[in-house]
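What follows is one structure encoded as structure tokens, with my remarks underneath.
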Amino acid sequence: MRLEVQVETGAGELRSLQGWLRADPETRRSVSADVRGGVPAPGEMGTALDVLELVTGNGWSAASFVLALVAWRQSRPQRPRVEIRRAGTVVVLTDCSEEEIERAVRSLEAPTGDEGGDQ
């Protein structure tokens, strides 16, 4: 499965998140993470935003991934907004409340018709 993560504060924070995920034993085993230039959405002007592209493998757990994102976000001085895109689904973490975390996990675990064999 492919995911894209955007952080409102840019590439420096994405590299921090990439390092965090690579250091997390649960995530490191099942996720490959690379920072790359994003593609502007239709109607957007200017340069594209950087994204952290994630490819998940066997043993991937949406709950472990979301909890790793929450832990990273809480370690940041300004706790940036985090946006996760998967197929046609967008998940946003802003306050990391219990409800928001549960909603994010459910959204990432839900099957989509757009992923084909990537699941």
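Side chains are part of it too, since the values below use all heavy atoms of this structure and drop only hydrogens, waters and symmetry mates.
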With R85, which residues qualify under side-chain hydrogen bond (donor to acceptor under 3.5 Å, both in side chains), at least two apart? E83
Return yes if some donor-acceptor pair links the side-chain N/O of Q6 with the main-chain N/O of V51 below 3.5 Å, else return no. no
Taken in chain and number order and not counting sequence neighbours, the residues that satisfy side-chain hydrogen bond (donor to acceptor under 3.5 Å, both in side chains) with S107 are none
May I ask you to list the residues sharing a hydrophobic cluster with V90, side-chain cutoff 4.5 Å, ordered by chain and number? V92
Just by distance, do the side chain of R86 and the backbone of L108 share a donor-acceptor pair under 3.5 Å? yes
By side-chain contact (heavy atoms from CB on, under 4.5 Å), which residues pair with A63, not counting sequence neighbours? S61, V105
CD1 on I101 to CZ on R106, rounded to 0.5 Å: 12.0 Å
Mind checking side-chain hydrogen bond (donor to acceptor under 3.5 Å, both in side chains) for W60 and listing every partner two or more places apart, or none if nothing turns up? none
Quick one: salt bridge (Lys or Arg N to Asp or Glu O under 4.0 Å) pairs with a partner in residues 58-74, sequence neighbours left out? none
Let me confirm one number: the OG1-CE distance from T56 to M1, rounded to the nearest 0.5 Å. 4.5 Å
Among residues two or more places apart or on two chains, list those pairs meeting salt bridge (Lys or Arg N to Asp or Glu O under 4.0 Å) that have a residue in residues 11-33. E13-R76, R22-D34, E26-R29
L54: partners by side-chain contact (heavy atoms from CB on, under 4.5 Å), with sequence neighbours left out: L3, V5, L21, V31, A33, L52, F65
Does anything in residues 95-104 form a salt bridge (Lys or Arg N to Asp or Glu O under 4.0 Å)? List the pairs, not counting sequence neighbours. none
Compare every heavy atom of W72 with every heavy atom of P80, then report the nearest pair and how far apart it is. CG-CH2, 3.8 Å
Which heavy atom of W20 sits nearest a heavy atom of S75, and at what distance? CZ3-OG, 3.8 Å
